[in-house]
Amino acid sequence: MFQLSPQIPSGFRKYDHLKTRMARAIAEDVATGLSASQKSIPSKYFYDERGSMLFEEICRLPEYYPARTEISLLRQNSPSIVRSFGHGYLVELGSGANWKIRYLIDALGPEKRSKTCYVPVDVSSSALEASAMELLRMYPGFCVQGLVADFTTDLHLLPDDRRKLILFLGSTIGNFDDAQTELFLRALSNTMQNEDRFLLGLDLVKPVEILEAAYNDSRQITAEFNKNILHVVNRELDADFNQNDFEHLAMYIEAKNEIQMHLKAVRPVEVHIGKLHMTVFFEEGETILTEISRKFTFESAEKMLHAADLEITDWRTDAAGWFAHAEIVHRNGG
Ligand code: SAH
Ligand code: TRP
């Protein structure tokens, strides 16, 4: 854990908490995931350098409404969010390209900015560093303390010597299943002091055509992004996945309110994973689950947050009701 007291430094510093752990984690996760009856690979492995770039491209697609809808919410509401926060740490979990945070940094204005430190948290070290450098070009003298860490296990590393506003945008929380959601929110709740605030971006339930189009874009960028996870496994674990053996599949499961993303074997496939001394067989039509993206309602969001002693104090949506920002406090504080 790092502390700023007594002074806010300017410029960029990076704390790499993953360096050596990542290699072991991917080996264990892939071995477990590909041995199960529904094969799966955890979605955090999408985001190598190429994956992070493809995701940025997804965010610019006309079909991918969540990105632009969330930005419109930030454009509108950043001044009031910043007013209730004051200054301290702006912590962003899964910060990616740092696009969205700029609205909040702008809204801070020079005075509060000089008393605030931005803490991007991401597994992708290269994306984190490149984005931080770009941010510092826009706001010279700003304090950026990047944390390369896994937000599913490392929230205890967050600083606690000043008030913080924690942001978890892009509906990334929807990529967790029930058990992961519970663990994540419990850990987050434990790091929150009374004055801290949590701003959570949530994609909302809506007609299936709109949802499915967002994950099946006409330029096939999402398909590319999905298949990139096979590149990552090939490179990191010395495997021989052939992209052409698999096809991108994304569908909305209405009963679960979730998009599921799979890679489907288009023929019988045999894959060797060198570093795991493992051979994996796929029947034709068999899939690897690579991501779920759950969609929320106010009620379902409130229920999951309550279970972790978190309380929604503000709920803002766009006019169409497609995306929401929940402002959240700890139930014992606030
Ligand atoms: N917040 C951005 C990016 C969302 S994409 C936006 O709203 O557009 C998800 C981001 O989370 C990526 O940058 C990815 O590298 C990061 N990420 C995914 N799993 C992670 C994990 N377990 N720990 C930390 N970062 C993670
Ligand atoms: N958090 C994003 C979402 O659930 C992640 C995402 C968007 C994604 N498009 C994707 C993940 C395509 C995998 C493939 O919308």
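All ligand and atom numbering here is 1-based and tracks the order in the structure. Hydrogens, waters and symmetry mates are skipped; everything else that's a heavy atom, side chains included, is used.
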Exercise for the section: Between Asn175 and ligand 2, find which residue part has any heavy-atom pair under 4.0 Å and reply side chain, backbone, both or neither. Expected result: side chain
Handout entry: Side chain, backbone, both or neither: Ala149 near ligand 1, heavy atoms under 4.0 Å
Key = backbone
Completion exercise
Heavy-atom closest pair (Leu169 atom, Leu74 atom, distance to 0.1 Å) is CD1-CD1, 4.3 Å
Handout entry: Tyr47 contact mode with ligand 1 (heavy-atom cut-off under 4.0 Å)
Key = side chain
Exercise for the section: Check the surroundings of atom CD in Glu182: do more than 12 heavy atoms from other residues, nucleotides or ligands lie under 6.0 Å from it? Expected result: no
Exercise for the section: Decide whether a cation-pi geometry holds between Lys227 and Phe246; the criteria are a distance under 6.0 Å from NZ or CZ to the six-membered ring centre and an angle within 45° of the ring axis. Expected result: no
Completion exercise
Per-atom filter on ligand 1: closer than 4.0 angstrom to a heavy atom of Gly170 are 7 (O)
Handout entry: Protein contact to atom 22 (N) of ligand 1 [nearest heavy atom, distance to 0.1 Å]
Key = Asp150 OD1, 2.8 Å
Problem - Ionic contact status for Glu291 with Lys44, cut-off 4.0 Å - result: no
Exercise for the section: Please state whether Gly170 comes within less than 4.0 angstrom of ligand 2, counting heavy atoms only. Expected result: yes
Problem - Numbering as shown, the atoms of ligand 1 that approach Gly96 to under 4.0 Å (heavy-atom distance) - result: 13 (O)
Problem - Backbone or side-chain N or O of Phe151 under 3.5 Å from ligand 1 N or O - result: yes
Handout entry: Val121-ligand 1 polar pair, N/O distance under 3.5 Å
Key = no
Practice task
Go through the steps to decide whether Phe184 and Phe168 satisfy the test ring pair (Phe, Tyr, Trp, His ring centres under 6.0 Å), and finish with yes or no.
Solution key: CA-CA 11 Å; Phe184 171 84; Phe168 197 29; 4.9 Å; yes
Exercise for the section: Would you check the N or O atoms of Ser52, main chain and side chain alike, for any that come under 3.5 Å of an N or O of ligand 1? Expected result: no
Practice task
Report the part of Phe55 in contact with ligand 1, treating N, CA, C, O as backbone and CB onward as side chain, heavy atoms under 4.0 Å; options are side chain, backbone, both, neither.
Solution key: side chain
Practice task
Check the pair Phe46 / Phe225 against ring pair (Phe, Tyr, Trp, His ring centres under 6.0 Å), numbers first and verdict last.
Solution key: CA-CA 7 Å; Phe46 280 126; Phe225 177 68; 4.5 Å; yes
Problem - atom 6 (C) of ligand 1: the protein heavy-atom neighbour that sits closest, reported with distance to 0.1 Å - result: Lys100 NZ, 3.3 Å
Practice task
Please write down residue, atom name and distance for the protein heavy atom closest to atom 13 (O) of ligand 1.
Solution key: Asp122 OD2, 2.7 Å
